[in-house]
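Throughout, protein chains are lettered first and strands after them, A, B, ... in sequence-line order, and every chain is numbered starting at 1.
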There are 2 protein chains.
Amino acid sequence: MQYFARTPQDMGHAIRQMRKARGMTQRQLAVRSGLWQETISKIETSQSRATLDTLFDLCAALDLELVLTERSKVSAAAFEDLF
Amino acid sequence: MQYFARTPQDMGHAIRQMRKARGMTQRQLAVRSGLWQETISKIETSQSRATLDTLFDLCAALDLELVLTERSKVSAAAFEDLF
DNA sequence: GGCTTTTATGATGCGTGGATCATGTTCCCT
DNA sequence: AGGGAACATGATCCACGCATCATAAAAGCC
């Protein structure tokens, strides 16, 4: 699974999908990441925007990699993924 | 070009590399992103941690995509990139 | 329908990010 | 070496993220 994020909404949505894909509750993710269930709820629904620190905490807890790549290349790569 | 980021240091470094790859100065990037040269300097040197908002502003200005993907898959993909 | 678990929301307080201005350093170029 | 551009730093101020607690709403299950 793989998500592109260009807005806090995208990011919240991606986090939620990844969490669910792992069968975790917000509380379990909170414990694993050292954050709070309430904080995660607000990030997933993009009621709050998160800092890099918390984002990295979440990535670590979800075993996610954060990749920065050129947008031009992404469209090509995403296209390839269809086949 | 493509960078993996797991820490604010990684992120600052990646931003700087991407900016230089585009031949932009901090001031130019500041204008393009609606941020301030001072803020960008502090993010690149990870003296400040940035929020999701500013990260997305920078990505947009640098034409970068932010991708969330599974770590297990990344190592395989990175390996493939060598060939 | 009731009970439990999960998620959302609302308030408070502290810490810190980013805007803004001023100024100090470092780098380049000739 | 001197001058200008680029980058770093330091201070102040306001806004907002996150911790924390309490509680409400939703979803799941019997």
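- Contacts with DNA chain C (heavy atom under 4.0 Å) in residues 44-60 of chain B: B:S48, B:R49, B:A50, B:T51, B:T54, listed by number.
- In this structure A:R32 satisfies the salt bridge (Lys or Arg N to Asp or Glu O under 4.0 Å) test with no other residue, sequence neighbours excluded.
- With rounding to the nearest 0.5 angstrom, the OG1 atom of B:T69 is 10.5 Å from the CG atom of A:L66.
- At distances below 3.5 Å, at least one donor-acceptor pair connects side-chain atoms of A:R19 with backbone N or O atoms of A:M24.
- The C1' atoms of five pairs define one axis at each end of the helix from C:dG1-D:dC30 to C:dT30-D:dA1, and these two axes lie 70° apart (to 10°).
- B:F56 and A:P8 make their closest contact through CE1-N, 3.5 Å (heavy atoms, listed as atom of the first residue, atom of the second, distance).
- Among the candidates A:I40, A:T39, A:L64, the single residue satisfying the side chain to side chain contact (heavy atoms under 4.5 Å, CB included) test with A:L58 is A:I40.
- The salt bridge (Lys or Arg N to Asp or Glu O under 4.0 Å) check on B:R22 picks up A:E70, with sequence neighbours excluded.
- Taking 4.0 Å as the cutoff to heavy atoms of chain B, we find the contact window on DNA chain D bounded by D:dA6 to D:dA11.
- Near DNA chain C, meaning a heavy atom under 4.0 Å from it, residues 7-17 of chain B has no residue at all.
- Residues passing the salt bridge (Lys or Arg N to Asp or Glu O under 4.0 Å) test with A:E38: none are found, sequence neighbours excluded.
- Note that the CD atom of B:Q2 and the CE atom of B:M18 stand 7.5 Å from one another [nearest 0.5 Å].
- In this view, A:D10 and A:T7 satisfy the side-chain hydrogen bond (donor to acceptor under 3.5 Å, both in side chains) rule, not counting sequence neighbours.
- A 4.5 Å side-chain heavy-atom check between A:K20 and A:R16 finds at least one atom pair inside the cut-off.
- When every heavy atom of A:M1 is checked against every heavy atom of A:A21, the shortest pair comes out as CE-CB, 3.3 Å.
- Residues from residues 25-33 of chain A that place a heavy atom under 4.0 Å from any atom of DNA chain C, listed by number: A:T25, A:Q26.
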Under 3.5 Å between N/O atoms: give me all the protein pairs with nucleotides 21-25 of chain C, atom names plus distance.
from, atom 1, to, atom 2, distance (Å)
C:dC21, N4, B:E38, OE2, 3.3
C:dA22, N6, B:E38, OE2, 3.3

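- With rounding to the nearest 0.5 Å, the separation of OG in B:S46 from CD1 in B:I15 is 11.5 Å.
- A:I40 comes within contact range of no nucleotide atom at all, as no heavy-atom separation falls under 4.0 Å.
- Under the side-chain contact (heavy atoms from CB on, under 4.5 Å) criterion, A:T54 pairs with A:L35, A:I43, A:A50, A:T51, sequence neighbours left out.
- Rounding to the nearest 0.5 Å gives a distance of 11.5 Å between OG of A:S41 and CG of A:L29.
- Rounding to the nearest 0.5 Å places CG of A:L68 at 10.5 Å from CZ of A:R71.
- How far CD of B:E44 is from CE of B:M11: 12.5 Å, rounded to the nearest 0.5 Å.
- With sequence neighbours left out, B:D63 forms a salt bridge (Lys or Arg N to Asp or Glu O under 4.0 Å) with no residue at all.
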